[in-house]
Amino acid sequence: MNVLKEYEVQLGQKINKEKSAFYVYHKTALAHTNIVEVEIGFKRAKFPMMYLGCPIGDAKKREVHFAELLKKINSSLQAWKGKLISYGGKVVSINNVLSSIPIYLLFAINPPKCVILDMHRIFARFLWNYKEVGRNKHSVAWNDICKPKEEGELGFRSLFDVSKALFAKIWWIFRTQYYGQTSCGTNTTKEKGGTQTWMNMLDARDMFDQEIWWEPKMGHSSAWFDKWTQLGDLHYYLPITNEHGNQWKDIKQFFSK
């Protein structure tokens, strides 16, 4: 292809076709796939593929796609020989090491519920009595010991809560830094066809945005979509149905009228 040849000329790099591959949607017609393979000279590979530690595919993610992550966690446990570590040492290890292993992946994608439950089972097995085979006796349910220490538990972080918090952080960055507007996206609705990351960001918005209260200072917050009255968004109480609603975009304009 001319694009690949131009790349080689401009950067002075030769593409190794033996190490290169191309991916297509699994329902792509075979005739079209063969044309692409002949034109570019790359072999065809099948999804899922791993990119920067994250599984990428053209279909719904399954537990098998996260086998490497679970294997990595189990490898850490085998190296520690959990039977020789005190309970205090196990608590520190879970909080500071094991729980940190999936953070990067959770920041990028939202694994299936069964994968997070598998990680919780691994953590719990390691805490109470690590055995590679057989059943382990758990004195307290994992969901209970994930409660704060102030409530008498161990203060572990549930990976479900971690995932929600990370997507809430992505939403906050998108809302405040990328667009530089406090009201950006607050009235965005979910639509079919959105990416998984975007849908998770909107879920985080629906969960956390109502807890935000903006204190007006310069008067540049949105009169309708920012929480400056401690009552929530005004557009929930006063739907914008007249021409004045479109004019009063900022709080300063709202009061000046």
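Computation of the quantities below employed the complete heavy-atom set of this structure, encompassing side-chain atoms and omitting hydrogens, waters and symmetry-equivalent molecules. The shown structure was predicted, so the numbers you read here are calculated from the model rather than taken from an experiment.
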Identify, with sequence neighbours excluded, every residue that meets side chain to side chain donor-acceptor pair (under 3.5 Å) alongside Y23. none
Going from CD on E18 to NZ on K43, what distance comes out if it is rounded to the nearest 0.5 angstrom? 8.5 Å
Atom CG of L105 and atom CG of L159: how far apart are they, to the nearest 0.5 Å? 10.5 Å
Do the side chains of M119 and P102 get nearer than 4.5 Å, heavy atoms only? yes
Aromatic centroids of F174 and W198 separated by under 6.0 Å: yes
Heavy-atom side-chain proximity of F47 to P55 below 4.5 angstrom: no
Rounded to the nearest 0.5 Å, what separation is found between the OG atom of S76 and the CZ atom of F126? 9.5 Å
Going by ring-ring contact (aromatic ring centres under 6.0 Å, His included), name the residues that satisfy it together with F160, two or more places apart in sequence or in a different chain. H120
List for me each residue that meets side chain to side chain donor-acceptor pair (under 3.5 Å) alongside R121, sequence neighbours excluded, and say none if there are none. D118
Report yes or no: do F22 and L4 belong to one cluster of Ile/Leu/Val/Met/Phe/Trp/Tyr joined by side chain heavy-atom distances under 4.5 Å? yes
Under the side-chain contact (heavy atoms from CB on, under 4.5 Å) rule, collect the residues that match up with N96, sequence neighbours excluded. V92
Could I get the full list of ring-ring contact (aromatic ring centres under 6.0 Å, His included) partners for F156, not counting sequence neighbours? W142
Taking all heavy atoms of H26 and all of R44, pick out the closest pair and write down the distance. CA-NH2, 4.4 Å
With sequence neighbours excluded, residues passing side chain to side chain donor-acceptor pair (under 3.5 Å) with Q10: E6
Atom of F167, atom of L106 and distance for their closest heavy-atom approach: CE1-O, 3.8 Å
Work out which heavy atom in I15 is nearest to a heavy atom in S20; give both atom names and the distance. CG2-OG, 3.8 Å
Report the residues that fulfil side chain to side chain donor-acceptor pair (under 3.5 Å) with N200, sequence neighbours left out, ordered by chain and then residue number. none
Tell me the salt bridge (charged side-chain N to carboxylate O under 4.0 Å, His left out) pairs involving residues 20-34, sequence neighbours left out? none
Heavy-atom closest contact (K90 atom, W128 atom, distance): NZ-O, 4.3 Å
Listed once per pair and sorted, the side chain to side chain donor-acceptor pair (under 3.5 Å) pairs that draw on residues 155-167, sequence neighbours left out: N110-S163
Quick one, I122 with L98, criterion side-chain contact (heavy atoms from CB on, under 4.5 Å). Give me CA distance, side-chain angles, the key distance, then yes/no. CA-CA 9 Å; I122 294 173; L98 295 181; 5.7 Å; no
Tell me whether V38 is reachable from F42 by hopping between hydrophobic residues (I, L, V, M, F, W, Y) whose side-chain heavy atoms are closer than 4.5 Å. no
Under 3.5 Å, which donor-acceptor pairs do the side chains of residues 61-73 form with other protein atoms, sequence neighbours left out?
{"from": "H65", "atom 1": "ND1", "to": "R62", "atom 2": "N", "distance (Å)": "3.1"}

Applying side-chain contact (heavy atoms from CB on, under 4.5 Å), name anything that partners L11, two or more places apart in sequence or on another chain. Y7, Q13
Would you mind reporting whether I94 and V91 have side-chain heavy atoms less than 4.5 Å apart? no
Sequence-distant partners of T28, side-chain contact (heavy atoms from CB on, under 4.5 Å), two or more places apart: V24, Y25, H32, T33
The reported gap from OG in S93 to CG in L127 (rounded to nearest 0.5 angstrom) is 10.0 Å
If you take all heavy atoms of A21 and A45, which pair is closest and at what distance? CB-CB, 3.9 Å
Could you check whether any side-chain heavy atom of I56 comes within less than 4.5 Å of a side-chain heavy atom of P48, counting everything from C-beta outward? no
